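Keep in mind the model is a prediction, meaning the values are calculated, not measured. We count ligands from 1, going down the list as the structure has it; atoms in each ligand are counted the same way.
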Amino acid sequence: CSFKHARFLLRGPHTWVHQFPIAQSSRQSPVDLRSSETHFDAKLQPLNYDDKATSSRMLNNNGLSFKLSFDDSSDPCVLNGGPLDGDFRLNQLHMHWGCDKLPGSEHIVDGNAYAAELHMVHWNSSKYSSMQQAVTQPDGLAVIGVFIQGSKIELSGLNPLLLLPSSTAYWTYLGSLTTPPLHESVTWIVMKEPLSISKQQLKAIQSLYFLRSGKYERLLNNNRPPQPLAGRKIRASFK
Ligand code: 1SD
Ligand code: ZN
């Protein structure tokens, strides 16, 4: 991982504030999930996922990550329960990763990062009529974050339910998109138990390219560093 890529990690997100002043606001993501800042909340329900697994899916590389989009106009994968009010439809999933020398999860736990972090982006279909409408609303989105650690098992299939770890334990807090325009519209649900993928799979993901100023560059370190909690409460569904 070259200096140039590390520079994207260290400098890129800090320049966002010029164009997006909200970058320095008080509901930004990701955050460090410090045990000293989290509180067990007995009222937190388990997550409930209803996947009819019939919607069409499309995979593309949008220059920030790979993205698997779902047809959320009908017959959707629906998430509810947990900290959420109402139904949230799955719109897309994507991932953030580092490089061979740096871990690339966005959320960290007591200062420790994982190799990568999968994001499953859902929008509030009980209250809004589209992703575009929901993305700017304070209760518009719910993103499930799943930590990925290297080596071990095969990650197979495209059924999003298979991407959730077997333990239902999670942290939740109110936050934002982690990329511009950084809207403060996300109820974050970060799963405690990481998923494992093989070293080869992680390498394959780290071999994606993107086009910048007419040149292909490796897509690496597409993770934003942790932002200040600014007095927010992190709730845990586990003790
Ligand atoms: O980085 C993604 C961005 O690509 C886009 O998918 C957005 C949702 O419209 O979500 C952010 S993130 O906050 O899920 N990382
Ligand atoms: Zn993301």
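- For Q133, the CD atom counts as densely surrounded, since its 6.0 Å shell holds more than 12 non-hydrogen atoms of other residues, nucleotides or ligands.
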Test side chain to side chain contact (heavy atoms under 4.5 Å, CB included) applied to W188 and L174, step by step:
CA-CA 6 Å; W188 277 95; L174 296 177; over 6 Å; no
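- Counting atoms of ligand 1 from 1 in the listed order, those under 4.0 Å from a heavy atom of H96 are 1 (O), 15 (N).
- Aromatic pair Y114/H96: ring centres not closer than 6.0 Å.
- Sorting the N, O or S atoms of H119 by how far they are from the Zn ion (ligand 2) puts ND1 first.
- Residue V121 touches ligand 1 through its side chain alone, judged by heavy-atom distances below 4.0 Å.
- For atom 5 (C) of ligand 1, the closest non-hydrogen atom of the protein is Q92 NE2, 3.6 Å.
- Ranking protein heavy atoms by distance to atom 9 (O) of ligand 1, first place goes to M131 CE, 3.5 Å.
- Scanning the protein heavy atoms around atom 2 (C) of ligand 1, the nearest turns out to be T179 OG1, 3.4 Å.
- When the options N223, V186, L177 are ranked by their closest heavy atom to atom 7 (C) of ligand 1, first place goes to L177.
- Nearest non-hydrogen protein atom to atom 14 (O) of ligand 1 is H94 CE1, 3.1 Å.
- Taking only nitrogen or oxygen atoms, main chain and side chain alike, S176 does not reach within less than 3.5 Å of ligand 1.
- Enclosure of atom CZ in F40 by more than 12 non-hydrogen atoms of other residues, nucleotides or ligands within 6.0 angstrom is indicated.
- With ring centers used as reference points, Y173 lies under 6.0 Å from H107.
- Here R235 pairs with D41 in a salt bridge; the nearest charged N to carboxylate O distance falls below 4.0 Å.
- Aromatic ring centres of W171 and H39: separated by at least 6.0 Å.
- Nearest residue to atom 12 (S) of ligand 1 from T178, L182, V143 is T178 (criterion: closest heavy atom).
- The backbone N or O of T179 sits nowhere less than 3.5 Å from a side-chain atom of R224 that would complete a donor-acceptor pair.
- The H119 neighbourhood of ligand 1 comprises atoms 14 (O), 15 (N), with distances under 4.0 Å to a heavy atom of that residue.
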